[in-house]
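Chain naming here is simple, since letters A, B, ... match the order of the sequence lines and numbering starts at 1 in each. In what follows, every heavy atom counts, from backbone to side chain, and hydrogens, waters and symmetry copies are set aside.
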Amino acid sequence: MLDGELNVEGMTSKLMLASGVLWTAVLGLGLAGHWFVALLVSVFLFHPWFVIGASSNGTISTKLLVYPLGIWTGLQLSAFTLTEYYSNAFAGSSPEFLITGMHPSFAAVYWLYWVGGFITVTLAYGIYFRKHFLPDGEWDRFLEEVERVNAAGETREADEPVEVRSQ
Amino acid sequence: MIDVLVPGFVALFILSVFAVGLYSKRLVNSSDEFYGATKMFGAAVITLASMSGVMSAFGFIGGPGLVYQMGTSSLWMTFASGLGFAMAYWIVGKRVRGMADVADIGTLGDIADERFNSGAIRGILSLILFIACWAYLASQVAGGGYVLSVILGISVETAVWLVFGLITVYVAVGGMASAQLAGAYTGAVMLVGVVGVVVGFFQIAGGMESTTMTVVEAGALTGEDVAKAFTPQLLDGWGLAQSSAPGLLLIWPIVFSIGVMGQPQVLQRMFSIDDPKGLRTVGLVSGVTYAVGSILWLLIGFVALYLVASGSVEPLSNPDMAAFEFVERLHIVLRMIIYAGLVAAIMSTAAFFLSVASGAIARDFVRAMGWEFSEQRETWLGRAAVLVVGVGSVLFGLYGGHLVAILGTFGWGTFVSGTIPAVVVGLLWKGASREGVTAGLASALLLNVTLLAATQLGYAFPIGMDFYFIAIAVSIAVTIFVSYATDGASGENVPEHVKPIFKL
């Protein structure tokens, strides 16, 4: 199931539209005073751009949608929720326990959001770079395409004066 | 007794950065290389330069000061930034680097112009970049000058003219190449400085548990001039902003993660990489090295809280003194290393923005006007612009008074509101249109200026939200929605030579 590929080319415009709606929603919720809900929604701002940017030659591996994207989403949502939970649980008093020497609410930020972010978004970039992000031969294919387009452009430019004269 | 070892060591370090900057002139052969260091450097240089460009002196001084002031709230900025590097490379790394193989590019304005074939977009983008760079430079002069004067034991004016004068000279000579190379060198020194801070943290505070318990149980303390209330909320996950300005806790994780891809010091470095395979190392390692730098922000801030909570130091009247209170208690070798790292942060950031600001005028604005120069003349025009911007920003930073602090709020968020519509959305989506990006950039410019003016007139946005987030969200949404209804340079109208980018 994870060996599949998703065609991104046909859905780019929809993804960008979703991105516009999400930015508007986060701003609107924030201005309306619902900062924590807006924060939870903001987790998804990354998704549409990631799907387009991480695709290669118009497709994205479904593996990338699970790791890093899915796991990073879960980590962020858990981090924000636990931060809020323990912040409220120990509001106005010393915490009853510490996690790795930290207030439990801050430990959620540190371990789930920060360290968790590195072992998903950052580490996955290194792991999947050659296999799914920029596979061998992909850049050469791109350069050939650039050369082909430039050659076609030069041919058009060379033809144009002839066409003008013939008119 | 004045300790000459520390200022002497730091002065030697400054001269060595100057020498590295001057050396880079040998590498520059074209105006693209002068303005953008296009395809010039390997992954190691770009990794360190990216980290040092984003971690300014604010990470050493202002950041820990904010931790002292509002607890863990400000750590959201630096935690998010570390993650933002990989996000940026996932999203636009290939495509920005690819533009260097599609056309002759040296600035972000070049990319926008190639994509949209629009002088207006290049012009507005260059204006936004120039305003933000100028603001950054002036605040670096104002804040960095004070720090340099403390470390070197000389007046603020002398320190500023000396250090920023040297930066201006080497950037005028070597352009962006000097900013990149010297940035890599200073980045390496900053990493060594982090080691000194970690050692110092355990020496003074005894570790995280001891710090947490001392701070949450300290209660209210009063010094000669000022009082400081220590509450458990200082060190919970939200810090004190949760009650005073929760809007910051909403916008910081967004603006400082996704916003990394809107920073010129990250975007421009993507096309400075010589071999595209180097994108892997830079995307993977630059975030990690930045995260190591974040430890400065975290630990120096926590130590300052510990020192005051434990009664070793009286409550601070100026939170920015937190870093100095900590460093001055360390062994002289650690002090030398950490102060060199701090100066490195000031110099690398200033050099980069000096180069971008001069490129915005001498290349982007000039080309947007349709004026044409030979490659050699364009490079010399850039050198002249560096000198003018360098001297101008020093004068403004030193004597601009309150205006420097006001303009200092332009910067990170202002860059994001300009570069994401023009570069990120433009390269991600074939459907991004010339009209959409022009509208997005115009709204960014308008909102940044008017909303800042509104805050200066006393208007406060709901939940303590900062004006730049409104400008960012609106500019992105406007770009996308207007693009849906228009078709200039979008879809099949995308310039032919740019089309291969969308398959990368």
key: B:Leu83 side chain reached by A:Phe46 side chain, heavy atoms, under 4.5 Å   = no
inquiry  = I'd like to verify something: which residue of B:Gly93, B:Ala291, B:Ser294, B:Ser210 has the highest number of heavy-atom pairs under 4.5 Å with chain A?
reply    = B:Ala291
query = Given a strict heavy-atom distance threshold of 4.5 Å, which part of A:Thr120 is in contact with chain B: side chain, backbone, both, or neither?
reply = neither
key: Nearest heavy atoms of A:Ser94 and B:Pro232, plus distance in Å   = N-CG, 3.8 Å
inquiry  = Side chains of A:Trp23 and B:Thr479, heavy atoms from C-beta outward: is any pair under 4.5 Å?
reply    = no
query = For A:Leu143, is it the side chain, the backbone, both or neither that has a heavy atom under 4.5 Å from a heavy atom of chain B?
reply = side chain
Which of A:Gln76, A:Glu84, A:Arg141 touches chain B most, by non-hydrogen pairs under 4.5 Å = A:Glu84
ask   = Is a side-chain N or O of B:Thr212 found less than 3.5 angstrom from the main chain of A:Gly101, in a donor-acceptor match?
value = yes
task = With the side chain counted from C-beta on, respond yes when A:Ile52 and B:Leu428 share a heavy-atom pair under 4.5 Å apart, and no when they do not.
result = yes
ask   = Of the backbone (N, CA, C, O) and the side chain (C-beta and beyond), which part of A:Leu64 lies under 4.5 Å from a heavy atom of chain B, both, or neither?
value = side chain
Top contributor to chain B interface from A:Gly58, A:Ala91, A:Ala79 [non-hydrogen pairs under 4.5 Å] = A:Ala91
ask   = To the nearest 0.5 Å, how far apart are CD1 in B:Ile476 and CG in A:Leu22?
value = 11.0 Å
query = Where does B:Arg95 contact chain A at under 4.5 Å (heavy atoms): side chain, backbone, both or neither?
reply = side chain
inquiry  = Does any backbone or side-chain atom of B:Gln233 lie under 4.5 Å from a heavy atom of chain A? Answer side chain, backbone, both or neither.
reply    = side chain
task = Check whether B:Val216 gets within reach of chain A through its side chain, its backbone, both or neither, counting any heavy atom under 4.5 Å.
result = both
remark   = Cut-off 4.5 Å, heavy atoms of chain B, and the answer for A:Glu147 is neither
ask   = Under a 4.5 Å heavy-atom cut-off, does chain B meet the side chain of A:Ala107, its backbone, both or neither?
value = neither
inquiry  = Using heavy-atom distances under 4.5 Å, tell me whether A:Ala38 contacts chain B through its side chain, its backbone, both, or neither.
reply    = both
ask   = Checking A:Phe90 against chain B: side chain, backbone, both or neither under 4.5 Å from a heavy atom?
value = backbone
message = Taking side chain as everything from C-beta outward and backbone as N, CA, C, O, which of these in A:Pro68 sits under 4.5 Å from a heavy atom of chain B? Side chain, backbone, both or neither.
response = side chain
remark   = Applying a strict 4.5 Å limit to non-hydrogen atoms, the region of B:Leu298 in contact with chain A is side chain
ask   = Contact part of A:Arg148 toward chain B, heavy-atom cut-off under 4.5 Å: side chain, backbone, both or neither?
value = neither
task = Give the member of A:Leu15, A:Val26, A:Leu17, A:Asn150 that has the highest number of heavy-atom pairs under 4.5 Å with chain B.
result = A:Leu17
task = Pick one of side chain, backbone, both or neither for A:Ser93, based on which atoms fall under 4.5 Å of a heavy atom in chain B.
result = backbone
ask   = Among A:Phe50, A:Phe118, A:Trp139, who wins on heavy-atom pairs under 4.5 Å with chain B?
value = A:Trp139
note = Cut-off 4.5 Å, heavy atoms of chain A, and the answer for B:Met87 is both
Heavy-atom proximity to chain A below 4.5 Å, by part of B:Tyr89 = both
query = A:Val149 and B:Pro500: which non-hydrogen atoms are nearest, and at how many Å?
reply = CG2-CG, 4.0 Å
query = Is the count of non-hydrogen atoms from other residues, nucleotides or ligands lying under 6.0 Å from B:Lys39 atom NZ greater than 12?
reply = yes
query = Side chain, backbone, both or neither: which part of A:Asn57 has a non-hydrogen atom closer than 4.5 Å to chain B?
reply = both
Contact class of B:Ile463 relative to chain A, heavy atoms under 4.5 angstrom = side chain
task = Go through A:Tyr110, A:Phe142, A:Tyr113, A:Tyr125 and name the one with the most non-hydrogen pairs under 4.5 angstrom from chain B.
result = A:Tyr125
inquiry  = Parallel, tilted or perpendicular: which one describes the rings of A:Phe106 and B:Phe302, with boundaries at 30° and 60°?
reply    = tilted
key: chain B contact via A:Phe80 - which portion, at a heavy-atom distance below 4.5 Å   = both
ask   = Checking heavy atoms, do the side chain of B:Leu75, its backbone, both or neither come under 4.5 Å from chain A?
value = side chain
ask   = Would B:Phe256 and A:Trp114 count as a close aromatic pair, with their ring centres under 6.0 Å?
value = no
key: Engaged part of B:Leu504 at the chain A interface, taking heavy atoms whose separation is under 4.5 Å   = both
task = Select one option (side chain, backbone, both, neither) describing which atoms of A:Ala124 are under 4.5 Å from chain B's heavy atoms.
result = both
inquiry  = Given heavy-atom pairs under 4.5 angstrom as the criterion, report whether the side chain, backbone, both or neither of A:Leu98 touches chain B.
reply    = side chain
ask   = Is it the backbone or the side chain of B:Val288 that comes under 4.5 Å from a heavy atom of chain A, or both, or neither?
value = both
query = Counting distance only, does the side-chain N/O of A:Tyr86 pair as donor-acceptor with the main-chain N or O of B:Asp236 below 3.5 Å?
reply = no
ask   = Taking all atoms of both residues into account, what is the closest heavy-atom pair of B:Phe481 and A:Val21, and its distance?
value = CZ-N, 3.9 Å
query = How long is the span from the CZ atom in A:Phe133 to the CG atom in B:Leu279, to the nearest 0.5 Å?
reply = 7.0 Å
message = Taking side chain as everything from C-beta outward and backbone as N, CA, C, O, which of these in B:Ala432 sits under 4.5 Å from a heavy atom of chain A? Side chain, backbone, both or neither.
response = neither
task = Step by step, work out the ring-ring contact (aromatic ring centres under 6.0 Å, His included) result for A:Trp35 and B:Phe461.
result = CA-CA 13 Å; A:Trp35 74 273; B:Phe461 296 102; over 10 Å; no
query = Is the backbone N or O of A:Ser55 less than 3.5 Å from a side-chain atom of B:Lys94, with the two atoms forming a donor-acceptor pair by type?
reply = yes
query = Which answer fits B:Phe79, side chain, backbone, both or neither, if we ask what part of it has an atom under 4.5 Å from a heavy atom of chain A?
reply = both
ask   = Does B:Phe85 reach the side chain of A:Thr122, with side-chain heavy atoms less than 4.5 Å apart?
value = no
ask   = Can you check whether A:Met102 reaches B:Leu235 side chain to side chain, under 4.5 Å on heavy atoms?
value = no
query = Which bit of B:Leu250 is near chain A, if near means a heavy-atom gap under 4.5 Å: side chain, backbone, both or neither?
reply = both
message = So B:Met208 and A:Thr100, do their side chains get closer than 4.5 Å, heavy atoms only?
response = no
request  = Let me know if B:Ile258 has heavy atoms under 4.5 Å from chain A in its side chain, its backbone, both or neither.
outcome  = side chain
key: 4.5 Å side-chain heavy-atom contact, A:His103 and B:Val215   = no
query = In terms of heavy-atom pairs under 4.5 Å with chain A, which of B:Pro276, B:Gly239, B:Gly82 leads?
reply = B:Pro276
note = Taking every heavy atom of A:Glu138 against every heavy atom of B:Lys503, the minimum-distance pair comes out as OE2-O, 3.6 Å
task = Search all heavy atoms of B:Gly237 against all heavy atoms of A:Thr83 and return the closest pair with its distance.
result = CA-CG2, 3.6 Å
task = Please name the pair of heavy atoms, one in B:Trp238 and one in A:Ser87, separated by the smallest distance, quoted to 0.1 Å.
result = CD1-OG, 3.6 Å
message = Less than 4.5 Å apart, side chain to side chain, heavy atoms only: is that true for A:Leu134 and B:Arg280?
response = no
message = How long is the straight-line distance from CG of A:Leu39 back to CH2 of B:Trp252, given to the nearest 0.5 Å?
response = 13.5 Å
ask   = Among A:Ala54, A:Ala32, A:Ser105, which residue forms the greatest number of heavy-atom pairs with chain B at distances under 4.5 Å?
value = A:Ser105
